[in-house]
K.L.:
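Structure incoming, see below.
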Amino acid sequence: MNQERLERIRLLSRRFHELQGLRVALAGAALALVVGGYLMTTPEPSDTGAMIPVLVSFVLIVPGVWSLNRYYATRFGRQVSSPPRKLWLIMLTYFAYFGVAWTLNARIEAIPAGAPTAATVALASIWLAIRDWPWRAHYLGAAAAVAIGFTASAPVTGVLEPGMTLAMIFLLLGVSMVPIGLLDHLLLVRLVTEVREPQAANVESRPGDGNT
């Protein structure tokens with residue numbers, strides 16, 4: 001077994017749940033659909049108003065993700081994972097994030113609500129791409145979407161109205177999540193197929209099975 005194959009097996013074992021990308025694609029499609037509808041139907045979009053369609057999109061995302069969880073469990077099985085050992089650290093991180101985001105929004109009026117979330121998603125996408133390089137380099141697309149959305153509506157360099165900043169960022173982010181999720185799903189299918197093929201070949205070649 002060569003080193004590249006070992007790396008693919010290791011990637012599948014460690015990222016099995018993360019590679020279930022149809023959930024990401026669904027979330028991106030719902031986000032782009034709802035935010036895009038907001039931009040097309042609202043005469044004067046605003047950063048504050050953009051948060052409403054972002055929240056409304058979860059009405060589509062939550063049941064869709066639940067259905068896809070069942071799909072993945074049925075088709076690919078379940079991977080038993082031990083509970084996180086540092087749950088307190090995860091909870092502390094969430095509280096710290098919301099505390100920092102609230103402080104920024106409250107004290108710096110130029111930072112609209114939701115902007116810290118978009119920035120966090122961009123940084124997390126860069127980190128994922130680097131961590132699993134080159135297999136998941138496509139996550140750089142999410143960071144690029146956030147950067148393009150901000151640049152297109154920035155006060156100095158932008159070509160759009162400043163009030164459209166947040167809506168444009170989430171629209172482009174949602175659009176980018178669709179191919180990102182599909183690529184993750186295709187990678188999962190390919191890795192699972194590669195792992196199962198040798199097992200099937202070994203079963204077929206066992207002596208005494210009537211094929212000799």
Side-chain angles (χ1 to χ4, degrees), residues 15 18-19 21-61 64-65 93-94 96-187:
R15 315 298 181 212
E18 293 183 25
L19 291 175
L22 291 182
R23 298 178 297 188
V24 176
L26 170 71
L31 184 62
L33 178 65
V34 178
V35 176
Y38 166 77
L39 286 173
M40 289 188 296
T41 58
T42 304
E44 296 182 1
S46 65
D47 290 330
T48 303
M51 288 303 298
I52 297 176
V54 171
L55 296 175
V56 169
S57 66
F58 281 89
V59 176
L60 302 175
I61 293 173
V65 169
T93 301
Y94 276 114
Y97 164 74
F98 285 113
V100 171
W102 181 85
T103 302
L104 289 174
N105 295 145
R107 296 192 175 185
I108 306 177
E109 295 182 357
I111 299 178
T117 300
T120 302
V121 170
L123 292 175
S125 299
I126 295 174
W127 177 73
L128 284 172
I130 295 174
R131 184 194 67 180
D132 297 331
W133 187 272
W135 308 104
R136 305 175 78 191
H138 45 270
Y139 269 85
L140 293 176
V146 173
I148 293 172
F150 175 77
T151 303
S153 54
V156 178
T157 60
V159 296
L160 301 175
E161 294 295 330
M164 297 179 63
T165 301
L166 201 58
M168 185 57 60
I169 288 175
F170 279 108
L171 173 63
L172 295 178
L173 179 61
V175 171
S176 70
M177 288 169 63
V178 175
I180 287 173
L182 293 177
L183 288 172
D184 263 357
H185 175 75
L186 292 175
L187 178 59

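Not measured: the values here are computed from a predicted model.
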K.L.:
Looking at every heavy atom in both Val65 and Leu26, which two are closest together, and how far apart are they?
P.N.:
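Heavy atoms of Val65 and Leu26 come nearest at N-CD2, 3.5 Å.
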K.L.:
Using 0.5 Å steps for rounding, measure from the CZ atom of Arg15 to the CZ atom of Arg131.
P.N.:
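The CZ atom of Arg131 is 3.5 Å from CZ of Arg15, to the nearest 0.5 Å.
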K.L.:
Could you tell me which non-hydrogen atom of Leu60 sits nearest to which non-hydrogen atom of Ala30, and how far apart they are?
P.N.:
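Heavy atoms only, the tightest pair is CB-CB, 4.0 Å.
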K.L.:
Could you list all the side chain to side chain donor-acceptor pair (under 3.5 Å) pairs where at least one residue sits in residues 22-42, not counting sequence neighbours?
P.N.:
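Qualifying pairs: Gln20-Arg23, Arg23-Asn69.
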K.L.:
Could you tell me which non-hydrogen atom of Ile148 sits nearest to which non-hydrogen atom of Leu172, and how far apart they are?
P.N.:
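Between these two residues, the closest heavy atoms are CG2-CD1, 3.9 Å.
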K.L.:
Arg136 and Leu183: side chain to side chain contact (heavy atoms under 4.5 Å, CB included), yes or no, with the steps?
P.N.:
CA-CA 8 Å; Arg136 305 175 78 191; Leu183 288 172; over 6 Å; no
K.L.:
Is there a donor-acceptor contact under 3.5 Å linking the side chains of Tyr139 and Asp184?
P.N.:
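A donor-acceptor contact under 3.5 Å links the two side chains.
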K.L.:
Answer yes or no: is there a side-chain heavy-atom contact under 4.5 Å between Trp133 and Leu140?
P.N.:
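Yes, close enough: below the 4.5 Å cut-off.
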K.L.:
Return the minimal non-hydrogen interatomic distance between Ala27 and Met177, and the atom names on each side.
P.N.:
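Answer, listing the atom of Ala27 first, then Met177: CB-CE, 3.9 Å.
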K.L.:
I need the minimum non-hydrogen distance between Ile180 and His138, along with the two atoms involved.
P.N.:
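It is CG1-O, 3.4 Å.
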K.L.:
Starting at CG of Leu171, measure out to CE of Met40 and round the result to the nearest 0.5 Å.
P.N.:
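Between Leu171 CG and Met40 CE, I get 9.0 Å after rounding to 0.5 Å.
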K.L.:
Locate the shortest heavy-atom distance separating Leu31 from Ser57; write the atom from each residue and the value.
P.N.:
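That would be CD1-OG, 3.8 Å.
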K.L.:
Got a second to check how far Asp132's CG is from Trp127's CH2, nearest 0.5 Å?
P.N.:
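Reported value, rounded in 0.5 Å steps: 8.0 Å.
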K.L.:
How long is the straight-line distance from CG of Leu182 back to CG of Leu22, given to the nearest 0.5 Å?
P.N.:
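One gets 6.5 Å once the value is rounded to the nearest 0.5 Å.
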K.L.:
At what distance, to the nearest 0.5 angstrom, does CG of Leu173 lie from CD1 of Ile169?
P.N.:
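Taking CG in Leu173 and CD1 in Ile169, the distance rounds to 9.0 Å.
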